[in-house]
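Written below as structure tokens is the structure these notes are about.
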Protein chains: 2
Amino acid sequence: MKGLGELERTIMDILWARSAPLTAREVGRLIEDRDLAPTTVMTVLDRLSRKGFLNRTRDGRAWRYQPAASRDAYVAELMLEALDLTGDRDAALTRFAQAVSGSEAEILRRALTELEDH
Amino acid sequence: MKGLGELERTIMDILWARSAPLTAREVGRLIEDRDLAPTTVMTVLDRLSRKGFLNRTRDGRAWRYQPAASRDAYVAELMLEALDLTGDRDAALTRFAQAVSGSEAEILRRALTELEDH
DNA sequence: CCTACCTCTCTACGGTGCGTAGTACTACTA
DNA sequence: TAGTAGTACTACGCACCGTAGAGAGGTAGG
């Protein structure tokens, strides 16, 4: 895949948080703190869709951008990618299981149990 | 943390694979395919120790480099970092659990069960 | 109809990280 | 004493990213 930059992630977060696809202008309005030029937002949106993180569709003259995958899917994929870096997946998974906090271990346990049931 | 580059990862892999700390020369000899200048290897080793991935100790004039953490710990940390990117950790964990293959789900299950027992 | 404005695409600049390596200096060894 | 090994410092090119301006082409209001 590829990691995202700071601004790229901010923008993805905004788009992940909405269900409806947004235009560049709308995204720009939702980034309050930073005073970015409109073209900056457009450039980043363009790069993100080039990289496959966003899909865009026409709406009059403007594009509407929408995440290509859910944030959870993205995060899960990043985790799997990290896992691929090791030679010993079992050891890494064991480590990981030990590292997650108690409540999260519970989540994992439940998800795995459901898997088993199917 | 930070991701590693291509050559950086190659070198970390070499060091992770040995138990004993190696000198730059020794590492260079273990990279067969690429014909790298000795200084290239030294530079990368230096950067890696600056970044905290390696510890080094003197051995005569030379440095001996050694991973600061195990590969599994590194991978587990990367996975946790990915997990931190999401707003909804539970959803991401559930996704992840569904994505790992059957045998790996088994590993995870076992590790989690052991956790529970303590 | 003209003007202001919106949006797009294209191009660009500066910073940073990384692969790659040269140079200059020091110290051991034959 | 000359070669070799090792170090520190410096540097170049490339790619990625934050940032944004320039120019072109529609659109809407006076």
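A, B, ... follow the sequence lines: proteins, then strands. Residue 1 opens every chain.
- When distances run from any side-chain atom of B:Val44 to the nucleotides D:dC17, C:dT20, D:dT19, the shortest one goes to C:dT20.
- One finds a side-chain N or O of A:Arg34 lying less than 4.0 angstrom from the OP1 or OP2 phosphate oxygen of D:dT19.
- For B:Asp84, the CG atom counts as densely surrounded, since its 6.0 Å shell holds more than 12 non-hydrogen atoms of other residues, nucleotides or ligands.
- Within residues 13-23 of chain A, no residue is approached by DNA chain C to less than 4.0 Å at the level of any non-hydrogen atom.
- Between the side chain of A:Thr39 and the base of D:dA22 there is no donor-acceptor pair of N/O atoms closer than 3.5 Å.
- Listed pair B:Thr40 / C:dA21 meets the phosphate criterion, a side-chain N or O lying under 4.0 Å from OP1 or OP2.
- Looking at heavy-atom distances under 4.0 Å, A:Gly3 makes contact with sugar-phosphate atoms alone, never a base.
- Counting to the nearest Å, the C1' atom of D:dG6 and the CH2 atom of B:Trp63 are 12 Å from each other.
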For this session: For side chain to side chain contact (heavy atoms under 4.5 Å, CB included), just list the numbers for A:Met79 and B:Leu83, CA-CA rounded to whole Å, side-chain angles, deciding distance to a tenth of an Å, and then say yes or no.
Result: CA-CA 7 Å; A:Met79 291 171 69; B:Leu83 189 55; 4.1 Å; yes
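- Contacts between residues 45-56 of chain B and DNA chain C, defined by a heavy-atom separation below 4.0 Å, involve B:Arg47, B:Lys51, listed by number.
- Counted within 6.0 Å of CZ on A:Arg50, heavy atoms from surrounding residues, nucleotides or ligands total 12 or fewer; the atom is thus considered open.
- One finds no side-chain N or O of B:Arg25 lying less than 4.0 angstrom from the OP1 or OP2 phosphate oxygen of D:dT4.
- Here D:dC17 presents its C1' atom at 18 Å from CE of A:Met42, a figure rounded to the nearest Å.
- A:Arg61 contributes no side-chain N or O that forms a donor-acceptor pair with the base of C:dC8 under 3.5 Å.
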Exercise. Could you walk me through whether A:Glu104 and B:Arg89 pass the salt bridge (charged side-chain N to carboxylate O under 4.0 Å, His left out) check?
Worked result: CA-CA 8 Å; A:Glu104 282 162 356; B:Arg89 295 170 74 88; 2.2 Å; yes
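- Under the 4.0 Å criterion applied to side-chain N and carboxylate O atoms, B:Arg95 and A:Glu77 are not assigned as salt-bridge partners.
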